[in-house]
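What follows is a short report on a single structure.
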Amino acid sequence: MASKILIIGACGQIGTELTMALREKQGNGNVVASDIREGAEQLMQSGPFEIIDATDYKAIEDVVLHYEIDEVYLMAAMLSATAEKFPMRGWNLNMDSLFNVLNLAKEKKISKIFWPSSIAVFGPTTPKQNTPQLTVMEPTTVYGISKQTGERWCEYYFNKYGVDVRSIRYPGLISYKTLPGGGTTDYAVEIYHEALKNKSYTSFLSKNTALPMMFMDDAIRATISLMEADAKDVKIRSSYNLGGISFTPAEIAESIQKEIPDFTIDYAPDFRQAIADSWPSSIDDSKAYEDWNWKHEYDLEKMTTAMLEGLKAQN
Ligand code: SER
């Protein structure tokens, strides 16, 4: 029998595509989408949808019991750039929502959790190139602190209460279906929109700032593979490094110029530059490969083609 799934934060950048992918796999009626606000037409129409505030334990519990939910994907979060503006709101949302879901599992009301962590768990003292799974972690952003703390709690709930929680440290995610909101890596999505609209883009990160990135299709596939893996193979219960690709604003611009030759880029770094400077440039994800056979498919060229084609088809 297919598992009954609840996605919290289903209207966001990852949630939207994850919901559609899981509905296709598990059947529309088995995947309940929820968010604090309404989302894309397709998401709302294709299966059950509930309004849930992720910080409201009772609201989540009611939906879990009503639909007899087995698995929860907690995708609601305040991302790095926004959380720097609203530190306490970011901390409260990111931590309260996680505890709500961990406690539901501790009380055996659900049996499996997916919770995303991020490259933001790393900080300026972390080795920048090919950052290992186990290394120095001194995050300097509110978002990074909340994700690192969350990882510790996930591992704690697994060790102490046997909670089957699984997690990935997502790199910057690039997609054309739903816009990202409030992250430092958002430039790598905006640039494609602007390339098609105006043939120019002003990057809020400097020319040579390399960050780990991934096309959304790869991220969704990784998420579902990890959730489908045998529990015994999921050896890391804090969060798995996930690498994908690494590029700079100059390199992504160059890949766009191959398809739109008169595209131009200039640079006006803002407060997000300091956040990016504190993060790794590339990630070693060999543990994900060893434990659940992970391998990314999209390189920069393939992603640029997919992004431009996807965006053109939408207009
Ligand atoms: N994409 C996220 C951000 O920029 C990183 O997890 O905040």
Side-chain angles (χ1 to χ4, degrees), residues 9 12-18 73-87 89-91 93-95 97-98 114-124 126 128 131 137 139-151 154 167-193 203-206 209-220 222-223 226 238-249 252 269-283 285 288 296 298 303 307:
Q13 189 202 10
I14 310 171
T16 302
E17 295 199 34
L18 186 60
Y73 289 68
L74 173 57
M75 311 312 286
M78 193 186 286
L79 295 191
S80 60
T82 312
E84 289 308 290
K85 292 185 184 151
F86 308 105
R89 266 171 56 196
W91 172 258
L93 169 61
N94 295 353
M95 298 316 298
S97 58
L98 176 59
F114 178 81
W115 173 77
S117 186
S118 161
I119 52 165
V121 294
F122 300 116
T126 302
K128 248 184 156 23
T131 302
M137 293 164 88
T140 49
T141 61
V142 173
Y143 177 66
I145 296 168
S146 74
K147 289 295 182 186
Q148 191 199 24
T149 311
E151 285 192 8
C154 287
S167 177
I168 285 171
R169 292 172 180 153
Y170 287 131
L173 297 182
I174 290 136
S175 63
Y176 57 85
K177 291 182 185 152
T178 311
L179 285 169
T184 302
T185 56
D186 296 9
Y187 92 85
V189 178
E190 289 171 12
I191 194 170
Y192 289 108
H193 286 262
S203 170
F204 59 76
L205 297 184
S206 67
T209 306
L211 287 171
M213 300 277 187
M214 182 174 280
F215 189 52
M216 187 62 85
D217 287 27
D218 273 340
I220 299 292
T223 306
L226 173 61
S238 51
S239 190
Y240 278 93
N241 273 9
L242 203 68
I245 42 188
S246 163
F247 56 77
T248 63
I252 192 173
D270 66 13
F271 74 101
R272 288 169 282 194
Q273 183 65 45
I275 302 177
D277 286 342
S278 77
W279 289 352
S281 305
S282 61
I283 297 280
D285 59 7
H296 73 273
Y298 282 80
M303 183 178 83
M307 281 299 288

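Note that ligands are numbered from 1 as they come in the structure, with each ligand's atoms numbered from 1 the same way.
For Leu226, the side-chain contact (heavy atoms from CB on, under 4.5 Å) criterion is met by Phe114, Arg166, Ile168, Val234, Tyr240, Trp292, not counting sequence neighbours.
Proximity to Thr184 (heavy-atom distance under 4.0 Å) selects the following atoms of ligand 1: 3 (C), 4 (O), 7 (O). Residue contact check: Leu79 has heavy atoms under 4.0 Å from atoms 7 (O) of ligand 1. Remark: ligand 1 atoms within the under-4.0 Å shell around heavy atoms of Ser80 are 3 (C), 4 (O), 7 (O). If you number the atoms of ligand 1 from 1 as listed, the ones under 4.0 Å from a heavy atom of Tyr143 come out as 5 (C), 6 (O), 7 (O).
In this pair, Tyr298 and Phe215 present their aromatic rings tilted. The plane angle is within the 30 to 60° band.
Of the N and O atoms on the side chains of Thr131 and Thr126, not one donor lies less than 3.5 Å from an acceptor on the other residue.
Between Ile252 and Ile191, the shortest heavy-atom contact is CG2-CD1, 3.6 Å.
Of the polar atoms of Trp279, none of the N or O atoms is found under 3.5 Å from an N or O of ligand 1, judged by distance alone. Residue Ser118 has at least one N or O atom closer than 3.5 Å to an N or O atom of ligand 1.
Atom 1 (N) of ligand 1 has its closest protein heavy atom at Thr185 OG1, 2.8 Å.
Residues Arg169 and Glu151 are paired through a salt bridge, judged by an N-O separation under 4.0 Å between the basic side chain and the carboxylate.
Checking each of Lys177, Glu17, Met303 against Met216 for a side chain to side chain contact (heavy atoms under 4.5 Å, CB included) leaves exactly one that passes, namely Glu17.
Counting heavy atoms closer than 4.0 Å to ligand 1, residue Ala120 contributes nothing at all.
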